[in-house]
Amino acid sequence: MKRVFINEWKRAINISAVIAIIGVMFCICFDSWNDLIGAIQSGNTVWCVYYFTSNSAFGGMCRKYILPVFATLPFAASFCEERKSRAVAYIVSREGMRRYSVVKYIVNILMGGLVVAFGTVLLILFLRTRFPMTSDYYEASAADTTDLFHKWLAVHSPVRYCMTEAALGFMRGMIWAGVSLFASLYLTDRLVITMFPFFGSYVIVRISQMLSIDDKWRLDQILIGRTVIKDSGYTVMIAAIVSGVLVFLMGCVFTRKMARGLNDGMFYESK
């Protein structure tokens, strides 16, 4: 298992991973692009790191719809490519059916999570070189730990705020990378697989709106930092439990479906 994991991990660390990390950074920036450019040019101290991250969480279209696409970029389409190159039979005979499916899923979700987490942290560190973490306005309004958007942490514990943003991003990246890999069992077009989180995010938002689901109970809102349940620590814990269960169940179904497809021979030929 260790050898298979190392081999798959080496494949996952590629130029696409670097592009994906940069893409995550730009997704968060683009939600406040005009403000960011104006702030850099003017050097006005009213702007702060927290403004750009919270503004992206509150009303950002790029962070909501486009950012998950970058989580799939490094590895989610790998199974699709192996089917097209007719390499599945060889890899399964060498690595074993179960190890192949389990390791591929684990490497994929880890890479998807790390891409979003690293991109988020690097952006915060980059912005921190030009702006303070918070401004007087936020410091005056951060009265308690129940403030929305993890404001209290940003003011009183910037390091924990950065870790919180990274943790939520990691969970979100894992979920969407896993969803795209699962979709590759039925889809063979790399572009469709890569863009699947974009369409999936839109569908989730529309269904939630139609059903009038409270934002407090929407995992997608929690993972972009828009909703806080009780306090930041409690929110991360709840998000980790729900995301972990979701990713685990999805992995179980994925490995079972893949094993069935490999046994039937449906994955050995490209379409």
Side-chain angles (χ1 to χ4, degrees), residues 1 4-5 8-9 11-14 16-25 27-28 56-57 62-80 100-124 150 162-185 193-201 203-205 218-227 229 232 235-258:
M1 182 72 77
V4 178
F5 181 86
E8 292 292 296
W9 188 254
R11 293 183 57 212
I13 302 177
N14 49 49
S16 294
V18 177
I19 295 173
I21 291 174
I22 297 173
V24 169
M25 296 173 66
C27 276
I28 300 175
S56 176
C62 292
R63 190 175 192 175
K64 181 177 291 185
Y65 297 109
I66 301 177
L67 188 149
V69 172
F70 289 103
T72 71
L73 202 59
F75 204 63
S78 61
F79 179 62
C80 166
Y100 172 63
S101 56
V102 171
V103 170
K104 181 169 289 294
Y105 182 78
I106 292 176
V107 170
N108 176 62
I109 62 173
L110 288 179
M111 180 54 67
L114 288 173
V115 160
V116 181
F118 274 123
T120 303
V121 171
L122 288 177
L123 175 65
I124 292 175
H150 309 284
C162 186
M163 293 173 61
T164 297
E165 288 281 357
L168 295 176
F170 180 81
M171 294 176 228
R172 191 173 182 223
M174 278 201 311
I175 291 172
W176 282 118
V179 168
S180 289
L181 183 62
F182 187 88
S184 70
L185 294 175
I193 294 169
T194 303
M195 294 299 297
F196 197 82
F198 176 84
F199 303 112
S201 297
V203 170
I204 289 175
V205 170
R218 286 176 53 180
L219 182 62
D220 61 319
Q221 298 287 55
I222 294 174
L223 294 183
I224 63 173
R226 181 167 177 172
T227 297
I229 303 174
S232 297
T235 301
V236 172
M237 181 182 68
I238 293 297
I241 293 173
V242 176
S243 299
V245 171
L246 181 61
V247 168
F248 175 77
L249 293 177
M250 186 163 51
C252 291
V253 177
F254 170 80
T255 53
R256 182 176 301 177
K257 293 285 186 180
M258 177 176 276

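- For C27 against I66, the heavy-atom pair with the smallest separation is SG-CG2, 3.7 Å.
- Legend: salt bridge (Lys or Arg N to Asp or Glu O under 4.0 Å) pairs involving residues 101-124, not counting sequence neighbours, sorted by first then second residue: E8-K104, E82-K104.
- In this structure a side-chain-to-backbone donor-acceptor pair under 3.5 Å is present from T72 to T194.
- Closest heavy-atom contact between A76 and L181: O-CD1, 3.5 Å.
- Minimum heavy-atom separation, C80 to I193: CB-CD1, 3.5 Å.
- A distance of 9.0 Å separates CD1 of I222 from CG of L168, quoted to the nearest 0.5 Å.
- Residues meeting the side-chain contact (heavy atoms from CB on, under 4.5 Å) test with C162, sequence neighbours left out: V121, I124.
- By the salt bridge (Lys or Arg N to Asp or Glu O under 4.0 Å) test, R218 pairs with D215, D220, sequence neighbours left out.
- Contact record, S201 with Y65: CB-CD2, 3.8 Å, taken as the closest heavy-atom pair.
- No more than 12 heavy-atom neighbours from other residues, nucleotides or ligands sit within 6.0 angstrom of CE on M163.
- In plain terms, the two heavy atoms of G119 and M25 that are nearest each other are O-CG, 3.2 Å.
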Side chains of residues 170-178: which donor-acceptor partners sit under 3.5 Å, not counting sequence neighbours?
{"from": "R172", "atom 1": "NH1", "to": "R63", "atom 2": "O", "distance (Å)": "2.7"}
{"from": "R172", "atom 1": "NH2", "to": "R63", "atom 2": "O", "distance (Å)": "2.9"}
{"from": "R172", "atom 1": "NH2", "to": "K64", "atom 2": "O", "distance (Å)": "2.7"}

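- Checked against side-chain contact (heavy atoms from CB on, under 4.5 Å), F118 has the following partners two or more places apart in sequence or in another chain: I21, L114.
- For the ring pair (Phe, Tyr, Trp, His ring centres under 6.0 Å) test, residues two or more places apart in sequence or in another chain that qualify with F254 are Y105.
- Across every non-hydrogen atom of A17 and M111, the tightest pair is CB-SD, 4.3 Å.
- Using a 4.5 Å cut-off on side-chain heavy atoms (C-beta onward), V24 and L123 make no contact.
- Considering CD of E165 and CD1 of I224, their distance stands at 10.0 Å, rounded to 0.5 Å.
- Judged by distance alone, with hydrogens and angles left aside, the side-chain atoms of S243 form no donor-acceptor pair with the main-chain N or O of A240 at under 3.5 Å.
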Please walk me through it: do V107 and R11 pass side-chain contact (heavy atoms from CB on, under 4.5 Å)? CA-CA 10 Å; V107 170; R11 293 183 57 212; over 6 Å; no
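- Residues L73 and I19 meet the side-chain proximity criterion, which asks for heavy atoms closer than 4.5 Å.
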